[in-house]
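Data first, discussion second: the structure below is written as structure tokens.
Just so you know, ligand 1 is whichever comes first in the structure, and atom 1 is the first atom listed for that ligand.
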Amino acid sequence: MKLAIVVPCYNEEEVLRETTARLSAVLDRLRSARKVEEAVLLYVDDGSKDRTWELIAAFAATCPYVEGLKLAHNVGHQQALWAGLEWAAARADAAVSIDADLQDDVEVIPQMVDRYLEGTDVVFGVRRERKTDTFFKRQTALSFYRLMKGLGGNVVYNHADFRLMSRRALQALMAFPERNLFLRGMVASLGFATAVVRYDRKERFAGESKYPLGKMISFALDGITSFSVRPLRYITYLGLLFIVVSLAAIVYGLWSFAKGNAMPGWTSLLVSLWFIGGAILLACGIIGEYVGKIYKEVKRRPRYFIEQDTSRNVSRTSFLSAEAKK
Ligand code: UDP
Ligand code: MG
């Protein structure tokens with residue numbers, strides 16, 4: 001089989017050398033065990049501002065497995081990964097996606113390949129524990145998975161974007177036209193045979209997270225709103241609840257008026273005014289979120305632009321057939 005390993009990279013100059021060494025070693029072993037005949041290690045440079053692309057280009061020229069795609073600007077982890085998967089879908093029998101920072105255990109890749117050879121189309125890498133994550137990240141991630149499940153989203157608990165996909169699964173994924181990508185949810189909803197391999201998540205090898213809190217929150221919101229329309233329905237329920245509450249307040253008001261009590265001051269009025277104002281704004285916000293998504297989808301903008309592709313360098317013959325080079 002032909003195996004591709006797809007690695008999105010954004011400002012990863014500190015880790016690339018080690019990542020290349022470790023992944024190449026895994027590929028070497030897979031090849032000598034005759035599980036894999038041809039292999040490629042594809043780096044997708046997501047518009048890095050540091051020397052990431054220089055390194056990738058140098059590795060592509062010297063290392064037997066490495067190829068590189070350079071995207072014209074930073075399009076984000078999910079879109080960059082998509083670019084790599086699209087490249088692999090046209091060339092490989094299966095593709096493994098993994099982050100550049102070596103937090104995911106490269107040693108379970110052979111297990112993924114075994115599952116693939118047994119006929120599984122999608123193999124999820126699932127973290128056993130999150131010891132190395134901060135308490136905060138662990139808790140926020142946990143509540144995210146819960147929320148997603150509760151809202152009817154399709155997610156594999158503690159699975160990020162470390163997975164193997166067969167060519168069939170890759171091509172099915174490529175048929176998804178949407179621009180708002182939440183890959184782990186999309187892959188889980190493909191419906192092909194799946195398996196799970198477990199590993200311990202490590203510390204980032206070097207450098208710092210390219211997912212600061214802001215990006216994380218926006219990713220979580222994207223995930224929910226691309227997979228569930230339930231928040232819209234909850235707004236309706238909330239609206240109904242408010243109507244019931246206000247009816248009760250009217251009844252109470254009439255009752256206390258009939259008893260001759262003076263109406264309580266304006267405090268209650270003011271409080272409810274603010275509360276309802278807030279609720280309406282929240283509701284508008286949630287609806288706006290979906291309208292924004294629709295806007296983005298109807299524009300059908302291209303997901304990314306490739307600026308350079310080392311595999312198109314004619315002097316090199318590696319993984320690619322002559323046909324794919326055209
Ligand atoms: N990444 C990317 N584009 C971005 C941000 C991140 O391609 O705009 C890549 C990054 O290089 C890494 C992966 O996505 O390979 C995951 O990022 P990171 O490890 O920083 O996220 P964390 O593990 O902290 O959630
Ligand atoms: Mg990481």
Side-chain angles (χ1 to χ4, degrees), residues 4-23 41-56 59 66-88 95-106 108-109 125-145 155 157-163 179-184 199-223 303-308:
I5 297 185
V6 177
V7 188
C9 310
Y10 178 58
N11 295 343
E12 298 285 9
E13 60 180 7
E14 287 156 290
V15 301
L16 272 185
R17 182 168 300 280
E18 183 68 17
T19 307
T20 309
R22 296 234 200 130
L23 287 172
L41 172 50
L42 178 75
Y43 287 120
V44 183
D45 176 16
D46 184 15
S48 297
K49 293 179 186 69
D50 63 1
R51 294 185 50 253
T52 300
W53 178 250
E54 279 89 90
L55 285 174
I56 294 172
F59 290 142
V66 177
E67 298 288 359
L69 283 187
K70 180 176 175 11
L71 302 187
H73 65 288
N74 182 250
V75 291
H77 176 213
Q78 299 286 295
Q79 312 282 345
L81 185 52
W82 181 284
L85 293 177
E86 192 164 13
W87 187 97
V96 171
S97 52
I98 186 169
D99 289 350
D101 57 6
L102 296 170
Q103 281 190 286
D104 306 315
D105 189 1
V106 300
V108 304
I109 293 176
V126 172
R127 283 169 221 166
R128 240 185 239 120
E129 280 173 80
R130 284 175 161 265
K131 267 190 249 146
T132 55
D133 281 342
T134 60
F135 177 77
F136 180 72
K137 182 135 187 176
R138 214 158 48 217
Q139 289 307 316
T140 47
L142 187 70
S143 26
F144 171 67
Y145 286 111
V155 278
Y157 180 64
N158 263 349
H159 161 69
D161 282 304
F162 181 32
R163 74 180 87 82
R179 265 47 186 163
N180 291 288
L181 296 181
F182 186 66
L183 287 171
R184 59 190 78 165
Y199 65 98
D200 293 316
R201 188 155 159 100
K202 305 192 191 79
E203 301 272 7
R204 201 171 218 291
F205 175 72
E208 39 195 59
S209 174
K210 308 299 182 278
Y211 262 104
L213 184 63
K215 253 192 193 171
M216 226 164 73
I217 293 174
S218 109
F219 183 55
L221 286 180
D222 266 354
R303 293 189 174 89
Y304 55 83
F305 296 109
I306 294 172
E307 197 173 295
Q308 282 181 58

Query raised in the report: Is Glu208 salt-bridged to Arg204, cutoff N-O under 4.0 Å?
Result: no

Requested in this report: For the pair Asp161 and Arg184, find out whether any cationic side-chain nitrogen is under 4.0 Å from an anionic carboxylate oxygen.
Outcome: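 Result for this pair is yes, salt bridge flagged.
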
Report task. Tell me, please: is Arg204 in heavy-atom contact with ligand 1, that is, under 4.0 Å? Result -> yes

Query raised in the report: Is ligand 1 less than 4.0 angstrom away from at least one heavy atom of Gln79?
Result: no

Minimum-distance protein heavy atom relative to [atom]:
{"atom": "atom 14 (O) of ligand 1", "answer": "His77 CD2, 3.2 Å"}
{"atom": "atom 19 (O) of ligand 1", "answer": "Asp101 OD2, 2.5 Å"}
{"atom": "atom 16 (C) of ligand 1", "answer": "Asp99 OD2, 3.3 Å"}
{"atom": "atom 21 (O) of ligand 1", "answer": "Tyr211 CD1, 3.3 Å"}

State the atoms of ligand 1, each with its element, that fall below the 4.0 Å cut-off from a heavy-atom position in [X].
{"X": "Ser209", "answer": "20 (O), 21 (O), 22 (P), 24 (O)"}
{"X": "Gly76", "answer": "3 (N), 8 (O)"}
{"X": "Lys215", "answer": "4 (C), 5 (C), 8 (O)"}
{"X": "Cys9", "answer": "7 (O), 11 (O)"}
{"X": "Pro8", "answer": "7 (O), 9 (C), 10 (C), 11 (O), 12 (C), 15 (O)"}
{"X": "Glu12", "answer": "10 (C), 11 (O), 12 (C), 15 (O)"}

Query - Gln103-Tyr199 side chain donor-acceptor pair, cut-off 3.5 Å - result: no

Query raised in the report: Under 3.5 Å, is there a donor-acceptor pair between the side chain of Asp46 and the main chain of Val75?
Result: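 Present.
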
Mind checking whether [X] and [Y] have side chains closer than 4.5 Å, heavy atoms only?
{"X": "Tyr157", "Y": "Leu142", "answer": "yes"}
{"X": "Trp53", "Y": "Tyr43", "answer": "no"}
{"X": "Thr52", "Y": "Tyr10", "answer": "no"}
{"X": "Val7", "Y": "Leu23", "answer": "yes"}
{"X": "Lys70", "Y": "Ile56", "answer": "no"}
{"X": "Lys137", "Y": "Met216", "answer": "yes"}

Query - Sole residue of Leu181, Val44, Leu71 in side-chain contact (heavy atoms from CB on, under 4.5 Å) with Gln79 - result: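 Per the side-chain contact (heavy atoms from CB on, under 4.5 Å) rule, the option paired with Gln79 is Leu181, out of Leu181, Val44, Leu71.
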
Report task. Using distance alone, decide if ligand 1 has a nitrogen or oxygen within less than 3.5 Å of any nitrogen or oxygen in Tyr10. Result -> yes

Requested in this report: Just go through Arg201, Gln103, Lys137, Lys210 and tell me whose heavy atom is the nearest to atom 6 (C) of ligand 1.
Outcome: Lys210

Query raised in the report: With backbone taken as N, CA, C and O and side chain as the heavy atoms from C-beta onward, which portion of Asn74 lies under 4.0 Å from ligand 1: side chain, backbone, both, or neither?
Result: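 The answer is the side chain of Asn74.
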
Report task. Please state which part of Asp46 comes within less than 4.0 Å of ligand 1, counting heavy atoms only: side chain, backbone, both or neither. Result -> side chain

Could you measure the distance from the [atom1] atom of [X] to the [atom2] atom of [Y]? Nearest 0.5 Å is fine.
{"X": "Ile98", "Y": "Thr19", "atom1": "CD1", "atom2": "OG1", "value": "8.5 Å"}
{"X": "Leu213", "Y": "Phe136", "atom1": "CG", "atom2": "CZ", "value": "5.0 Å"}
{"X": "Arg51", "Y": "Leu16", "atom1": "CZ", "atom2": "CG", "value": "10.0 Å"}

Query - Neighbouring protein N, O or S atoms of the Mg ion (ligand 2) [cut-off: under 2.8 Å, no waters] - result: Asp101 OD2, Gln103 OE1

